[in-house]
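Numbering of ligands and ligand atoms starts at 1, following listing order.
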Amino acid sequence: MINLIDTLLKEIQEVQVKTAQEVEQLRVRLLGKKGEVTKLFEEFRNVPAESKKEFGRRLNELKNAATAKIEELRQNLEDSAGASECSFDMTMPGDTFELGSRHPISITREEIISIFKKLGYSLAEGPEIEDDHHVFEALNFPPEHPARDMQDTFFISNGVNPILLRTHTSSVQVRTMETQKPPIRVICPGRVFRNEAISARAHCIFHQVEGLYIDKGVSFADLKQSILLFVKEMFGPDTKIRMRPSYFPFTEPSTEVDISCNICGGKGCNICKGTGWLEIMGAGMVDPNVLSACGIDPNEYTGFAFGMGVERIAMLKWQVKDLRLYFENDVRFLKEFETSI
Ligand code: PHE
């Protein structure tokens, strides 16, 4: 019987199979209820007592070898199946990723920029972390000037020229004037920061697009016509503008621009609070002091500047009255703008 164990062991070591079916047949032949190994176990009781120990050891060895071999053969077949016949169809179309939509602020900003690009303006950008010189001083805000209070500032460091978060993108206009020679015609979009309590109508972060045009003989009439052209493109050809006198340290004269209410057509409604007009931007002729501070001769050149809040324009365009919605990024809100791209 030891001979039989040896023969079976040898056979097990050399066995080769091609299919899972053959592995199963082998398992049944050796380890099945009537299998050869099982039968040998049954004959164990007939083995003389003195050989039981040796026989038992060899029998267990055989059983373990058979079990291990069958497992190994199975594994090999599975591995090669995985490698040769791919279990998925590579020609199937892939899972599509759901596309996001553009943010209403981006849509509005791009629209404003594209209108001014058509008028010959080029894009200028600058840092969000600025210094006092570019945000205030060069723009004719003397130290301690009360106009600085108009824009509550986040300061990063104190000193002779404090570092701060820009409160408007007029700082980019300063940088442009300092580095370029007129004629200058730039549009400066960007994020700005003011230390204000967050509410439906105010936020500590918002976006602006400011513009600057400097050349020989630029007049207030040019400013008026450029803004009129812009609002007609942005809000429709019937839109009218109205300019109210205002004050900014960096422009003289200064004005605040209103458009006729695009909801009621100027008759008066709750959006325009019955006035028929909606404020959209500040503007004015660049103050000669600003031109000098930036190295441009005010006797030779004049220019105009304007600045608007992108959120404000977006609010008027879509009648979204709570500013906070633009910052919360609730997908249900953002999805409403998918078709506006
Ligand atoms: N910088 C001004 C603001 O942030 C807007 C403005 C720009 C006004 C240019 C006049 C001219 O409020």
task: May I ask whether Phe250 places a heavy atom under 4.0 Å from ligand 1?
output: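 Phe250: in contact with ligand 1 (<4.0 Å).
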message: With a 4.0 Å cut-off on heavy atoms, is Gln208 in contact with ligand 1?
response: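 Judged by the 4.0 Å heavy-atom criterion, Gln208 does count as contacting ligand 1.
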message: Give me each pair satisfying salt bridge (charged side-chain N to carboxylate O under 4.0 Å, His left out) with a member in residues 16-30, each pair once, sequence neighbours excluded.
response: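 Pairs touching residues 16-30 that pass the test: Glu11-Arg29, Glu24-Arg27, Glu24-Arg74, Arg29-Glu36.
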Nearest-option assignment for atom 12 (O) of ligand 1, heavy atoms, candidates Glu210, Arg194, Met308, Met281: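 Comparing heavy atoms across Glu210, Arg194, Met308, Met281, the nearest one to atom 12 (O) of ligand 1 lies in Arg194.
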task: Look at atom CD of Glu14 and say whether more than 12 heavy atoms of other residues, nucleotides or ligands are closer to it than 6.0 Å.
output: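 Count over threshold, so yes.
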Under 4.0 Å from any heavy atom of [X], which atoms of ligand 1 are there?
X: Phe306; result: 7 (C), 9 (C), 11 (C)
X: Gly307; result: 6 (C), 7 (C), 9 (C)
X: Ala283; result: 8 (C), 10 (C), 11 (C)
X: Ser170; result: 1 (N)

- request: Under the ring-ring contact (aromatic ring centres under 6.0 Å, His included) rule, what do Phe116 and Phe306 come out as? Steps first, then yes or no, please.
  value: CA-CA 12 Å; Phe116 282 105; Phe306 56 87; 4.9 Å; yes
message: For Phe250 and His168, I'd like to know if the aromatic rings sit close, meaning centre-to-centre distance below 6.0 Å.
response: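 Between Phe250 and His168, the centre distance is under 6.0 Å.
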field: Side-chain heavy atoms of Val320 within contact of Phe333, under 4.5 Å
entry: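 Contact flag for Val320/Phe333 side chains = yes.
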task: Please list, chain by chain and in numerical order, all residues satisfying ring pair (Phe, Tyr, Trp, His ring centres under 6.0 Å) with Phe193, sequence neighbours excluded.
output: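 With sequence neighbours excluded, Phe193 shows a ring pair (Phe, Tyr, Trp, His ring centres under 6.0 Å) to no residue whatsoever.
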- prompt: With a 4.0 Å heavy-atom cut-off (strictly under), which part of Ser254 contacts ligand 1: side chain, backbone, both or neither?
  reply: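 For Ser254, there is no contact with ligand 1 at all, from either part.
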